[in-house]
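Step one of this worksheet: look at the structure below.
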Amino acid sequence: MGTIIEPFRIKMTEPLAITTQEQREKWLREAHFNIFLLSSDQITIDLLTDSGTGAMSTKQWGALMQGDETYAGSRSWYRFRDTVDQITGLKHIFPIHQGRAGERILSQIRLKSGDVVPNNGHFDTTRANIEWMGAQAVNLVIEEGKNFALDHPFKGNMDIPKLKRLIDDTGPEKIPFAMITITNNSYGGQPVSLENIRETKALLASHNIPLIIDSARFAENAFFIHKREKGQGKRSLLDIAREIFSYADGTIMSAKKDGLANIGGFFACNDDQLAEDFKNLLILTEGFPTYGGLAGRDLEVIAVGLLEALEMEYQIYRHATVEYMEKKFREMRYPLVRPVGGHAIYLDAQQLLPHIPPLDYPGVALVNEIYLEGGVRTVELGSVMFGNIDPKTREESPAPFELVRLTFPRRVYTQSHFDYIVDIMKNIWERRESIRGYRIVKQPPFLRHFSAHFEPVK
Ligand code: F0G
């Protein structure tokens with residue numbers, strides 16, 4: 001095929017900050033070398049996350065004006081509900097203000113100390129909400145998923161024999177629910193196959209353990225199934241999505257990703273009692289169940305966005321962007337997670353910077369270098385985000401990987417923006433051996449990556 005183009009044209013522009021090297025050095029120092037503490041005026045291209053950072057379509061902006069801000073039973077709620085129902089087929093549907101609100105409520109109503117929640121890969125907020133209840137969050141991705149150099153069409157898959165062993169060893173009564181995350185963000189945005197979801201569900205069902213799908217990037221996952229799974233190439237993405245959700249007892253969706261919205265999400269489930277318990281805590285802490293902490297206009301935007309994310313042309317363009325960047329990075333010989341996932345490129349900072357030990361945070365070193373070089377913000381997924389500190393000894397153990405994620409907002413940047421990033425990365429490659437690590441000088445007890453202060457290692 002020839003050039004794959006962005007299947008949209010630009011109707012409104014937003015200026016980017018063009019900055020100097022001196023400014024960036026000053027700003028990063030003032031932000032205590034933590035890119036989460038930079039402001040957007042200090043950033044040229046922001047690849048921190050694909051969450052809530054997408055551009056809305058004309059259809060979404062039009063829908064936004066239709067927002068019905070009635071407290072209870074608004075028209076926008078019914079439109080939202082009908083769309084979520086069309087995609088998931090789940091019986092009870094609740095809007096939530098974002099994914100972690102659903103994680104918190106589900107954890108609080110179903111988990112207690114000593115419980116275990118398996119997942120192919122918990123996202124950090126999911127893990128934190130589970131651990132907050134004293135339960136244990138276990139990652140059971142297939143072995144291939146942990147080997148970044150290995151090619152496999154569905155590296156996000158759940159390791160079913162391991163799940164079986166966990167259930168046998170723990171006892172199903174201690175597993176109030178199990179999860180599958182599509183795509184598996186914590187392991188490179190890798191997809192999960194339909195077959196794997198089906199088999200996971202069958203195993204869980206035989207022990208009466210409900211399956212909750214974390215569906216933040218369900219449409220990207222559906223596209224991978226369409227492209228890579230045997231017998232799926234002729235199906236529409238909506239059809240595939242419906243089959244995915246047919247195996248779920250419930251789902252938590254952060255609509256900030258494949259909802260193509262800037263805020264929002266939903267929880268949906270089949271079980272009446274679970275819905276009742278969820279609803280009661282939702283009312284107490286988020287809002288009435290027909291808005292769940294969102295404005296009516298947000299519900300409208302999500303209702304349109306969920307279906308736009310399932311449009312084939314959109315997904316073809318989205319994946320072409322990621323593949324374009326993969327090709328460029330491979331030409332530059334950067335070590336990266338292969339094959340590339342759906343929403344990001346993950347660079348292997350440990351392999352790139354072998355002279356920086358894990359607890360000098362090679363991921364943070366690379367992130368900061370990319371910012372200093374060209375004002376591009378990326379994010380560390382390594383020992384700062386996933387490392388462990390022993391509560392008793394205060395001894396720190398590193399994460400099993402040191403990755404840097406270049407996350408692609410949806411429908412926001414053009415090919416020349418990506419070419420600019422490639423130029424920056426070429427310069428960094430040349431001087432990679434002179435890059436130094438960091439140490440933490442201040443950190444909070446949870447989710448430290450958001451607010452820790454760093455200083456360069458001498
Ligand atoms: N699950 C997954 C797989 C996620 O990637 C995220 C968020 C959440 C749940 C939580 O949803 O942000 O709406 O509360 N991921 C973002 C990221 C923040 O950058 O990957 P949320």
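Counting starts at 1 for both ligands and their atoms, following the listed order. Residues take their numbers from the sequence shown, with the count starting at 1.
The ligand atoms of ligand 1 that sit less than 4.0 angstrom from a heavy atom of Arg405 are 17 (C), 19 (O), 20 (O). Within ligand 1, counting atoms from 1 as listed, the ones closer than 4.0 Å to a heavy atom of Arg217 are 3 (C), 4 (C), 5 (O), 17 (C), 20 (O). Taking every heavy atom of Thr181 and a limit of under 4.0 angstrom, the matching atoms of ligand 1 come to 3 (C). Per-residue contacts place Lys256 under 4.0 angstrom from the following atoms of ligand 1 (heavy atoms of the residue considered): 13 (O). The distance from ligand 1 to the heavy atoms of Gly99 drops below 4.0 Å at these ligand atoms: 11 (O), 13 (O), 14 (O), 21 (P).
For the residue pair Asp50 / Thr407, no side-chain donor-acceptor distance below 3.5 Å is found, with atom types taken as modelled. At a cut-off of 3.5 Å, with distance as the only test, no side-chain donor of His122 or Asp214 sits close to an acceptor on the other residue. Side chains of Thr251 and Ser215: a donor-acceptor N/O pair is present below 3.5 angstrom, by distance only.
Within 6.0 Å of CZ on Arg228 lie more than 12 heavy atoms contributed by other residues, nucleotides or ligands.
The protein heavy-atom contact nearest to atom 2 (C) of ligand 1 is Asp214 OD2, 3.4 Å. Summary of contacts: the protein heavy atom closest to atom 10 (C) of ligand 1 is Thr125 OG1, 3.6 Å. What sits closest to atom 4 (C) of ligand 1 on the protein, heavy atoms only, is Phe123 CG, 3.5 Å. Scanning all protein heavy atoms for the shortest distance to atom 21 (P) of ligand 1 gives Gln98 NE2, 3.3 Å. When only non-hydrogen protein atoms are considered, atom 7 (C) of ligand 1 lies nearest to Lys257 NZ, 2.6 Å. Summary of contacts: the protein heavy atom closest to atom 13 (O) of ligand 1 is Ser254 OG, 2.6 Å. The nearest protein atom to atom 9 (C) of ligand 1, hydrogens excluded, is given as Glu103 OE2, 3.1 Å; this is a heavy-atom distance. Shortest contact from atom 12 (O) of ligand 1 to any protein heavy atom: Arg100 NH2, 2.9 Å.
The aromatic rings of Phe329 and Tyr334 sit perpendicular to each other, their planes meeting at more than 60°, with 30° as the lower class boundary. By the 30° and 60° cut-offs, the orientation of the rings of Phe223 relative to His319 is tilted.
Using a 4.0 Å cut-off between a side-chain N of Lys or Arg and a carboxylate O of Asp or Glu, Arg338 and Asp151 qualify as a salt bridge. Between Lys174 and Asp115 there is no salt bridge, since none of the side-chain N atoms of the basic residue sits less than 4.0 Å from a carboxylate O of the acidic one. Checked for salt-bridge contact, Glu243 and Arg198 meet the test: a charged N lies under 4.0 Å from a carboxylate O.
In this structure, His343 does not count as a contact residue of ligand 1, since none of its heavy atoms falls inside 4.0 Å of the ligand.
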